[in-house]
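The next block holds one structure in the form of structure tokens; read it before the comments.
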Amino acid sequence: MSGLLSEHSDPSNPARQGFWARHPAEVAADLIGWSVFVDGVGGRIVETEAYHHEDPASHSYAGPTPRNAVMFGPQAHAYVYRSYGIHWCLNFVCWQGAPGGGVLIRALEPTAGLDIMAERRGLADPRALASGPGKLGQALGVTRAHNGLALTSPPFAMRSGPRPELVIGPRIGISKAVDLPWRFGEAGSRYLSRSF
DNA sequence: TGCCCGATTAACT
DNA sequence: GTTAATCGGGCAA
């Protein structure tokens, strides 16, 4: 499908809603190779994790709360949460049937605004700019202000891309449902948070 | 109201 | 391999 946009993969296509109204694990896999930008700063998504409302590791597992409310709202919106009191992590809301799900964007291959990312991160190595969910949030300037914003309009922008060969494994940093293979990455990428 | 802990990172030993 | 930094959600009291 290299380069060609299906109605599901083209974010500018009105039918795109179908892309996000699927199981988060399917969306997480299909997002690898896409690009995301915040105010023009961003790059290719090379690592994601899926979180489902019936998944004990998901913020949405116990039902809506003020923090996770966005996960129960419309798909293709940004869910941003504070991690360990320090980092901002970026998720894309997606769910099918019952609401409450999302995809954590864990790592990017930077392609635009490298200088801005370097300034925000305090270092210049492209491989260290967004190779982790907290780093990615910092590099893209994501904060609580982005929570609940649609991915289809500024400051967000998305571009579909060919899906590379994938590697799949268990998610990182969780204590429940640790064996679910809901972490996806680009095989051989040098921009992953950790190897699979 | 208080306490515990986390979808992490960076700087240690 | 280990640990501090740091803060808000969720739950017990």
* Structure fact -> When rounded to whole Å, the CG to C1' distance for the pair A:N68 and B:dG6 reads 15 Å

* Asked: Less than 3.5 Å between a donor and an acceptor, one on the side chain of A:Y81 and one on the base of B:dA7, is that the case here?
  -> yes

* Structure fact -> Regarding the side chain of A:M71, the nearest nucleotide among C:dC7, C:dT6, B:dA7 is B:dA7

* Any donor-acceptor pair under 3.5 Å from A:Q75 side chain to A:W95 backbone -> yes

* Check the distance between C:dG1's P and A:R194's CZ and give it to me in whole angstrom. => 11 Å

* If you measure from the P atom in C:dA4 to the same atom in B:dC4, how many Å do you get, rounded? -> 16 Å

* **Sub-4.5 Å side-chain heavy-atom contact between A:L31 and A:M158** => yes

* Asked: Over how many whole Å does the gap from A:W88 atom CH2 to C:dA5 atom P extend?
  -> 21 Å

* Taking the side chain of A:R82 as its heavy atoms from C-beta onward, which of C:dG9, B:dT8, C:dC7 lies nearest to it? -> C:dC7

* OP1, OP2 of B:dT8 versus side-chain N and O of A:R106: anything below 4.0 Å? -> yes

* Asked: Should the heavy atoms of other residues, nucleotides or ligands under 6.0 Å from CG of A:D115 be counted, would the total exceed 12?
  -> yes

* If only side-chain N and O atoms of A:R67 are considered, is one of them under 4.0 Å from the OP1 or OP2 phosphate oxygen of B:dA7? -> no

* Asked: Which value, in whole Å, describes the distance between the C1' atoms of nucleotides B:dC5 and C:dT3?
  -> 15 Å

* To do: Give one of base, sugar-phosphate or nothing for A:R144, where a contact means two heavy atoms less than 4.0 Å apart.
  => sugar-phosphate

* d(CD, A:E49; P, B:dT8) in whole Å -> 7 Å

* To do: Take the protein atom CD1 of A:I86 and the nucleotide atom C1' of C:dT3, then report the distance between them rounded to whole Å.
  => 12 Å

* Least distance between heavy atoms, A:P181 atom then A:I168 atom -> O-CG2, 3.3 Å

* To do: Would you classify A:I174 as touching base, sugar-phosphate or nothing, given that sugar-phosphate means primed atoms plus P, OP1 and OP2, and contacts are heavy atoms under 4.0 Å?
  => sugar-phosphate

* Asked: Rounded to the Å, how far apart are A:N91 CG and B:dA7 P?
  -> 11 Å

* C:dC11 C1' sits how many Å from A:H59 NE2, rounded? -> 16 Å

* Asked: A:K176 has an atom NZ; how far is it from atom C1' of C:dG10, in whole Å?
  -> 11 Å

* To do: Looking at every strand, decide which applies to A:R121 at a 4.0 Å heavy-atom threshold: base, sugar-phosphate, or nothing.
  => sugar-phosphate

* Determine, for A:F19 and A:R22, whether the Lys NZ or Arg CZ falls below 6.0 Å from the six-membered ring centre while staying within 45 degrees of the axis. => yes

* Check every strand shown and say whether A:G85 touches a base, only sugar-phosphate, or nothing at a heavy-atom separation below 4.0 Å. => base

* Considering Watson-Crick and G-U wobble pairs with both distances under 3.5 Å, what does C:dG1 pair with? -> B:dC12

* Ignoring the backbone of A:P66, work out which of B:dT8, B:dA10, C:dG10 is nearest its side chain. => C:dG10

* To do: Examine B:dA7: is either OP1 or OP2 under 4.0 Å from a nitrogen or oxygen in the side chain of A:S58? Give yes or no.
  => no

* Asked: Below 6.0 angstrom between ring centroids: does that apply to A:Y61 and A:H53?
  -> no

